[in-house]
Amino acid sequence: MKWSKAFIPTVKETPQDADIVSHKLMVRSGLIHKLSSGLYSYLPLGLMVIRKIESIIKEEMSKKDAIELLMPILQPKEIWLKSERYEMMSEVMLKANDRENREFILGPTHEEIITDIVAHKIDSYRSLPKNFYQIQAKFRDEIRPRFGVIRAREFIMKDGYSFSMTQIESEKIYQDMYEAYGVIFKRCGLDCAVIEADTGVMGGRKSHEFTALADVGEDTVVSCKSCTYAANMELAKRQVQEKSIMGIRQDPLIEVSTPGMKRVEELTDFFSCGPMCFIKTLIYKGDEKIYAVLIRGDLEVNENKLRHYLKEQVINLAEAEEIIRITGADVGFSGPIGLKDIPLIADISVRNMTNAITGANKNNLHYKNVNPGRDCVIYDYLDIGFPVTGDLCPNCNDELVFKRGIEVGQVFQLGTKYSSKLSAVLQNEKREDVPLIMGCYGIGVSRTVAAIIEQNHDEFGIIWPMETAPFKVIVIPLVYKDEIKKTADMIYDRLRSNNVEVLMDDRNERPGFKFADADLIGIPIKVIIGKKTLQEGKIEIKIRKTGEVQKISPDHLINKINELITSL
RNA sequence: CGGGGCGUAGCGCAGUCCGGUUAGCGCGCCUGCCUUGGGAGCAGGAAGCCGAUGGUUCGAAUCCAUUCGCCCCGACCA
């Protein structure tokens, strides 16, 4: 492609509405153009990159015998009522009515649709397992679109769904997809953490997230300094560092007057000690039961973990009046001592606390020198807090570290949630009706572009990893005239006839201008043709990433380029 | 949805408090000259319903009200 024929609207100034690197660079290098909040057009260069990623995905999917299909974006409301997800997903679904006033939604995902296909078209267990996928625009009416293409409302996603008769088969596919994802993101040039993840609205039993590490990411990855343990914030297990509290004497319990002091900050001043000296007591309600949850004053309860451990469907903080009824005191003065008939659930951070401060379940009073075990009976110690710096790995006891990342892929074991609701049920060889066991596997294609840029750029622009580069080579004639033009044309033709994806900057611009654009759009290899080097019978090759320059004879160019393409 | 910010030429911005000729600047664009190894220089030029609507006023980009859009923080999140 010659630049003059292409459409690559680069801009020097950084766009006003972008504040992360990938977004700025995608706009500046002419990859995308915003139509409206969360809606982006992919301009030719951007689409080329998308296609590169898609073809990597397709290759790796097909190696694992996954098969591609395409489902409608518009979906009838009824099917979502059937799967009982309409309410849950209602907020992110854009609704639309047709001329007959039938109700439709713009599909945020396709579990329902694929399950419907399978329910109708697969009639024997002998045809299973099957693993389908599609690559398509999805629409989610995000509460707050942001970070350019990273959290857009319309975005391109590869979504895959597997159907199996047995758990073992299903796990095999899960494993296959897990492996394929690793390869895909590696080929995309991404440094990904694979982490244990929450299944969220998808439901199901097991899930891993592929998260591209980047400072701007929306996800926090919790990982171990030395072993392979990694999880997202929601799921991360942890051990609490045991301070050397051995030998600290348990002092006698004292009641202290604390008029009007409800918040930990107010109390830290009063008692002149840090929040770590306090035990927060939170009253939670499950479906029916009530729990008192204890956690160290500086930590937050992870309600997901709590709900999970307590085997409750929902778990909520009690209302103010209920707290008064249960504890006998206002919010802010709850404590573990004297709570009758309510199980005390303590976070592991409480286990080794000595002489702590807690509410007294009487207004304007706190207890000092509270020692769990001595002063109250803890029903159970559980890991129900969010990890913080200083917490230790659940596996190996080394330190946990925290990194930000962009979630680019996630794999789920779904179980039979959708198959049973949408009657994807088959008889097995024992003539028993079995709902199919499903898995689902997503890749955010468009946000992968942003993630690649986050990880591969410098002050001058994008540095495309070879496999995702829209062009491998850019030919830059310093002046597109005379001998230089002739040589440039010749080299351009030669590269093209050797199937090298090449862009030639044939514009009548000054060299510096062309160099800056080439750097901005991130083409991995520059071939520079200038008067001086040409007089030596040479042309120049410059590597975008390293800046390394070599001069070679035009005759050796093709070999050299091919060598660079495979080695970079 | 709560909090904050911003809408002025294609892009980035000044002007708005404190109303007053013809609304500016940089980049980009067009013409010409010149230049060609890291976003050149000179000369000339085109381009704006000052987001929209309504009000106040002799007079509104500027003040008031309403409204729409966009961005950031939070809640939320394959």
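To find a chain, count down the sequence lines: A is the first, B the second, and so on, and within it residues start at 1.
- Side-chain contact between A:L520 and A:F460: absent, with no pair of heavy atoms (C-beta onward) separated by less than 4.5 Å.
- Taking the side chain of A:L478 as heavy atoms from C-beta on, and the options B:rG39, B:rA75, B:rG37, the nearest nucleotide is B:rG37.
- Ranking B:rG12, B:rC76, B:rG39 by closeness to the A:Q16 side chain, first place goes to B:rG12.
- Nucleotide B:rA47 forms no Watson-Crick or G-U wobble pair with any nucleotide shown, as no partner meets the under 3.5 Å limit on both distances.
- Searching all strands for a Watson-Crick or G-U wobble partner of B:rA75 with both distances below 3.5 Å returns nothing.
- Residues A:I529 and A:V475 are in side-chain contact: their nearest non-hydrogen atoms beyond the backbone lie under 4.5 Å apart.
- For B:rG39, there is no paired base (Watson-Crick or G-U wobble, both distances below 3.5 Å).
- Evaluated for a side-chain hydrogen bond (donor to acceptor under 3.5 Å, both in side chains) with A:Q550, the options A:E540, A:K538, A:K560 yield exactly one hit, A:K560.
- Among the protein residues, A:D19 comes within range of the sugar-phosphate backbone only, with heavy atoms under 4.0 Å from sugar or phosphate atoms but none that close to a base.
- Using a 4.0 Å cut-off between a side-chain N of Lys or Arg and a carboxylate O of Asp or Glu, A:E179 and A:K64 qualify as a salt bridge.
- Distances shown here put every side-chain N or O of A:R144 at or beyond 4.0 Å from the OP1 or OP2 atom of B:rC76.
- Taking only side-chain nitrogens and oxygens, A:T14 never comes nearer than 4.0 Å to OP1 or OP2 of B:rG12.
- Among the nucleotides B:rC70, B:rC13, B:rU36, the one closest to the side chain of A:V479 is B:rU36.
- In this structure, A:S36 reaches the B:rC70 phosphate: one of its side-chain N or O atoms is under 4.0 Å from OP1 or OP2.
- The nucleotide B:rC63 finds its pairing partner in B:rG55, both defining distances of the Watson-Crick or G-U wobble pair being shorter than 3.5 Å.
- A close approach under 4.0 Å does occur between a side-chain nitrogen or oxygen of A:K34 and OP1 or OP2 of B:rC71.
- For the pair A:S446 and A:Y42, the minimum side-chain heavy-atom distance is below 4.5 Å.
- Place A:T533 and A:P15 on RNA chain B by their nearest nucleotides, and A:P15 ends up nearer the 5' end.
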At a cut-off of 3.5 Å, list every protein nitrogen or oxygen paired with a nitrogen or oxygen from nucleotides 25-35 of chain B, distance to 0.1 Å.
unit_1: B:rG26; atom_1: N2; unit_2: A:E13; atom_2: OE2; d: 2.5
unit_1: B:rU35; atom_1: O2'; unit_2: A:R510; atom_2: NH1; d: 3.4
unit_1: B:rU35; atom_1: O2; unit_2: A:R510; atom_2: NH1; d: 2.9

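- Atom OG of A:S170 sits about 6.0 Å away from atom CD1 of A:I437, to the nearest 0.5 Å.
- Contacts between residues 69-81 of chain A and RNA chain B, counted as heavy-atom distances below 4.0 Å, involve no residue at all.
- A sub-4.0 Å separation between OP1 or OP2 of B:rG74 and a side-chain N or O of A:R146 is present.
- Across all strands shown, B:rC13 is found opposite B:rG24 as a Watson-Crick or G-U wobble partner, with both distances under 3.5 Å.
- At a threshold of 4.5 Å between non-hydrogen side-chain atoms, the residues A:L317 and A:I283 do not count as touching.
- Within the nucleic acid shown, A:E142 has no heavy atom closer than 4.0 Å to any nucleic acid atom.
- Although no hydrogens or angles enter the test, the distance criterion places no donor-acceptor pair under 3.5 Å between the side chain of A:R307 and the main chain of A:G286.
- Taking the six-membered ring where tryptophan is involved, the planes of A:F210 and A:F185 are tilted, since the angle between them lies from 30° to 60°.
- In this structure, A:H208 has its ring center under 6.0 Å from that of A:Y178.
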